[in-house]
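Heavy atoms only: backbone and side chains are in, while hydrogens, waters and symmetry mates are out.
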Amino acid sequence: METRFDHKQVEPKIYQSWEKSGFFNPDKLPAKGKPFTIIMPPPNANGSLHIGHALFVTLEDIMIRFWRMRGRKTLWLPGADHAGFETQVVFDKKIEKEGRNRFKIPREKLWQELWRFTQENKKIMEGQLRSLGASCDWSREKFTLDPDIIEKTQETFIKMYEAGLVYRGRRLVNWCVKHQTALSDLEVSYIERKDPLYYIKYGPFTLATVRPETKFGDTAVAVHPGDKRYQKYIGKEIEAEDLLGPIKLKVIADEAVDPHFGTGVVKVTPAHDPTDFEIGLRHKLEVRQVIDKFGRLNEKTGRYRGLKVAEAREKVASDLKERGLIKKIDEKYVHSIATCYKCGSVLEPLLLPQWFIKMEGLAREAIKVAESGKIKFYPERLKKVYLHWLKNIRDWNISRQIIWGIRIPAWHCECEPENWRVGTKAPRGKCPRCRSSWTEDPDVFDTWFSSGQWPFLSLGYPKSRDYKTFYPTDVMETGWDILFFWVARMIMLGLYRTGKIPFKVVYLHGLVRDKDRQKMSKSKGNVIDPLGVADIYGTDAVRMALTIGSLPGNDPIISEDKIRGYRNFTTKIWNASRFVVTGYDAKLKVRPRYSPNDRRHQKQLAEIKKRVTKDIENFRFHHAAETIYHYFWHTFADKIIEESKSRLGGENEADKAAAQETLLKLLKESLKMLHPFMPFVTEEIWQRLPRSAKAPRGKPSLLMVEKW
RNA sequence: GGGUGAUUAGCUCAGGGGUAGAGCGCUUCCCUCACACGGAAGAAGUCGCAGGUUCGAAUCCUGCAUCACCCACCA
């Protein structure tokens, strides 16, 4: 054996030998055990893998390798995600740098560019997954825009539409002015901000608002029904002087008004505030839109037309002040405002018709399977978070005004924009009324609508053999940050479409942080590139560093020091093994005479193995890894090998044989236990074990498929 | 406004009713025939605070503090 373990040279070679063996594919395994399946969370095909991907690869590969060695028919199905909006954003930035603008590129051309872009990234990503050691079945790899995925996704939508679960909603949506698309409630990021709170005079009232610029859209003034101060006004109309002349507003009473806030009076702007919109519905108020899709005031605002919201706010406030219509300004008012989770710009609530999914019934089923324990959560506390969200769920806006995604299969005619026909093909003929032909909805689905169907769609639902064999899957391993986005939707849509749970266990890992607990992000410049560090210290070291100190739901902290520490462990494994292997005397034919100590070592190892096995079965990977780490270094290497030295050099051949056989046995078992965590170095050593030990009948054998 | 988690050695974290654990760092000695990416020895913590349960609590319970995060239509 070489004196040093050269990971750069060994890793690609080892991966190739695994891949060539075909054992990533469960059909090629001799295993007769029941299936064990993990559907890989498909990484976004819009960039390189980051350390978070390395974490999921490590954890999933540990499970996959472990269960494969235990004889289960093991499938890990890889994939890549077109990642609709996310990719659109990344791509927008890229072409912006080239001085181009997506809104000026024809749909067809833009689509082709995005397609090429994602295909290139996908290819890079596949190579990266390989170098991380992912033992997934590449023959089954899926892309989220594969034709069958598109077809079935649209089918689900149509089915839901026909069942009355999908409707065209006229309500306020979260509109991102920069990205020119609506977002779901989950994609809204609330931030605290200090804004002036203006106390404005409205005829007999003074009322508080942070958005004076929306006053042109006011269609009522509201008070709390029980507020004694304002009883006499309820139901009446008030007249007020205003910037564009006198106005008349109805005074209404609504429970949504907090009598203790401000003066207890609010202006109601149904078109531009979610609460006001609800109030408007209850009181049948006019919805007067005064802000457009670009965040500018429109023609209903007279001389303010064309101003951006922020500019208009200042202008309106100063004009009001000039006319003595502002009573006071509270400069210290802190409130939270809705922003786009991607670009941080303030979202404009806009009234736009979009496709919504009714969530209540779907959620009810998803609650049941968690409460009954049919689906288990690791860590369990996140089940509470999951349940809380589902119990307060709101309808889901699935329309996105981008082009990168799966087209919503719906058609409308010219005469009535809201006269919809749902179906993958345009309705036959022309609209009977206006004689115009049908226009396809330009919108695409929220990516999570299709991702939410990934477990069964990627397995070829409903007819394939794979679906019948591997569904429901065993474990869904992903980050806790997408518990609502993805996990909850997979459970709801899986139950809806297949009638079965999509997986039995949800394991949620944390977000990788740097040593200052900061989230890693490109803008902070604290990103650890997993492939970069793997190149320096070896993939096994990176995997080990990610495993230890990463327990479910907790954010692991990773630093280069830590990785270096496990590189040292890799070296330790190599050297200890080298001692055992090169010192092994195959010509020694004496029957070994085992000492009580030898037996004690064997027993101890069996005990360790039991604990490690149990830990892995219970998703305590960090603990399993630590146990085996500690055993190998401080028991096997420091004690047992040291003890054996005198025996190996001694005259007593039977004792010498016992010593070397014991070492070899302990080493073999240790390598097996280490393999799921550190597959490369263990496999490489396995291939160099004394011949008789590793392949009794001369057959080539891979540690990857050894019996655990 | 609700909710969750964290608080253990200088740092990062395990552990968990019965005389405190690991890695990194630090100190001393050792390039001993697997390994200096190493070995041996060692210093280091009243386990956030205050109560309670218990023969016994860092570990269970209650309250508090600080930090972090999640959820929520605060005009």
Side-chain angles (χ1 to χ4, degrees), chain A residues 1 3-5 172 174 185-186 188 190 192 195 197-200 207-212 214 218 221-222 254 256-258 260-269 272-279 333-338 349 379 381-389 391-392 394 480-481 483-484 510-511 513-519 537-538 541 544-545 548-551 553-583 620 622-623 625-627 629-630 633-634 637-638 641-642 644-645 648-649 663:
Chain A
M1 269 171 90
T3 50
R4 285 192 55 236
F5 173 64
L172 294 193
N174 311 299
D185 294 331
L186 275 179
V188 177
Y190 289 93
E192 289 233 309
D195 277 309
L197 181 64
Y198 302 95
Y199 284 75
I200 299 176
L207 55 79
T209 179
V210 284
R211 298 201 67 181
T214 62
D218 293 351
V221 175
D254 196 283
V257 181
D258 175 2
H260 305 294
F261 185 93
T263 58
V265 187
V266 293
K267 64 192 207 58
V268 184
T269 325
H272 299 292
D273 182 277
T275 310
D276 293 4
F277 185 76
E278 296 295 320
I279 295 175
Y333 180 64
V334 177
H335 64 149
S336 58
I337 52 169
R381 68 183 158 79
L382 285 176
K383 181 161 102 178
K384 272 188 266 176
V385 179
Y386 165 89
L387 288 172
H388 181 263
W389 185 71
K391 285 175 180 169
N392 296 286
R394 294 158 63 193
W480 59 253
D481 54 322
L483 176 60
F484 307 145
L511 268 56
R513 315 250 172 184
D514 72 3
K515 56 182 186 302
D516 302 316
R517 273 188 176 288
Q518 296 289 306
K519 258 187 213 175
Y537 301 108
M544 203 61 175
I548 294 180
S550 151
L551 45 173
N554 277 21
D555 294 348
I557 287 169
I558 192 113
S559 64
E560 205 166 321
D561 281 351
K562 193 168 179 177
I563 297 168
R564 193 181 298 120
Y566 291 107
R567 185 274 316 268
N568 295 354
F569 181 51
T570 312
T571 310
K572 191 75 187 177
I573 298 172
W574 182 258
N575 283 315
S577 304
R578 194 155 60 89
F579 175 81
V580 175
V581 171
T582 56
R620 293 157 47 86
H622 68 290
H623 206 251
E626 253 186 277
T627 303
Y629 170 90
H630 205 258
W633 198 316
H634 299 298
D638 288 351
I641 286 186
E642 288 307 320
S644 75
K645 283 180 178 171
L648 291 173
L663 284 182

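- Using a 4.0 Å cut-off, no side-chain N or O of A/Tyr199 falls inside it from OP1 or OP2 of B/rA75.
- A/Lys645 forms a cation-pi arrangement with A/Phe579, by the criterion of a distance under 6.0 Å to the ring centre and an angle within 45° of the ring axis.
- Spacing of P atoms, B/rA6 relative to B/rC61, comes out at 12 Å, to the nearest Å.
- Between A/Arg620 and A/Ile641, the residue anchored closer to the 5' end of RNA chain B is A/Arg620, taking for each the nucleotide with the nearest heavy atom.
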(request) Show your reasoning for whether side chain to side chain contact (heavy atoms under 4.5 Å, CB included) applies to A/Ile548 and A/Tyr566. (result) CA-CA 10 Å; A/Ile548 294 180; A/Tyr566 291 107; 3.4 Å; yes
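- Here, B/rC67 and B/rC26 have their P atoms 32 Å apart, quoted to the whole Å.
- Comparing the C1' positions of B/rC30 and B/rU12 gives a spacing of 29 Å, expressed to the nearest Å.
- Rounding to whole angstrom units, CD of residue A/Glu560 and P of B/rC37 are separated by 16 Å.
- Taking atom P on both B/rA36 and B/rA40, the two are 14 Å apart, rounded to the nearest angstrom.
- Here the straight-line distance linking atom CD1 of A/Ile563 with atom OG1 of A/Thr570 works out to 11.0 Å at 0.5 Å rounding.
- Nucleotides B/rC60 and B/rU7 place their P atoms 11 Å apart, quoted to the nearest Å.
- Between A/Trp389 and A/Phe484, the two ring planes are parallel [angle under 30°; tilted spans 30° to 60°].
- Taking 4.5 Å as the limit, every side-chain heavy atom of A/Thr209 sits out of range of all side-chain heavy atoms of A/Thr269.
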With 3.5 Å as the limit, what N/O pairs link the protein to nucleotides 71-73 of chain B?
unit_1 : atom_1 : unit_2   : atom_2 : d
B/rC73 : OP1    : A/Arg394 : NH1    : 2.6
B/rC73 : OP2    : A/Arg394 : NH1    : 3.2
B/rC73 : O2'    : A/Thr275 : OG1    : 2.5
B/rC73 : O2     : A/Thr275 : OG1    : 2.9

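- Taking atom P in both B/rU66 and B/rG52, the straight-line distance is 24 Å, to the nearest Å.
- Contact of A/Glu642 with B/rA40 (side chain to base): no donor-acceptor pair of N or O atoms is detected under 3.5 Å.
- The residue A/His634 sits close only to the backbone: its heavy atoms come under 4.0 Å of sugar-phosphate atoms, none of a base.
- Toward the 5′ end of RNA chain B lies the nearest nucleotide of A/Gly565, the other residue of the pair A/Gly565 and A/Ala637 mapping further downstream.
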(request) Any chance you could lay out the side chain to side chain contact (heavy atoms under 4.5 Å, CB included) test for A/Leu483 and A/Val385, step after step, and finish with the verdict? (result) CA-CA 9 Å; A/Leu483 176 60; A/Val385 179; 4.2 Å; yes
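- Remark: the separation of the C1' atoms in B/rC47 and B/rU8 is 4 Å, to the nearest Å.
- Side chain of A/Phe261, nearest nucleotide from B/rG38, B/rG15, B/rC74: B/rC74.
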(request) Evaluate the criterion side chain to side chain contact (heavy atoms under 4.5 Å, CB included) for residue pair A/Val266 and A/Leu207; output intermediate values, then yes/no. (result) CA-CA 6 Å; A/Val266 293; A/Leu207 55 79; 5.9 Å; no
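- Looking at heavy-atom distances under 4.0 Å, A/Arg567 makes contact with a base.
- Within the nucleic acid shown, A/Ile548 has no heavy atom closer than 4.0 Å to any nucleic acid atom.
- Not a single donor-acceptor contact under 3.5 angstrom links the side-chain atoms of A/Lys562 to the base of B/rC24.
- Separation of the P atoms belonging to B/rA20 and B/rA58 is 10 Å when rounded to the nearest angstrom.
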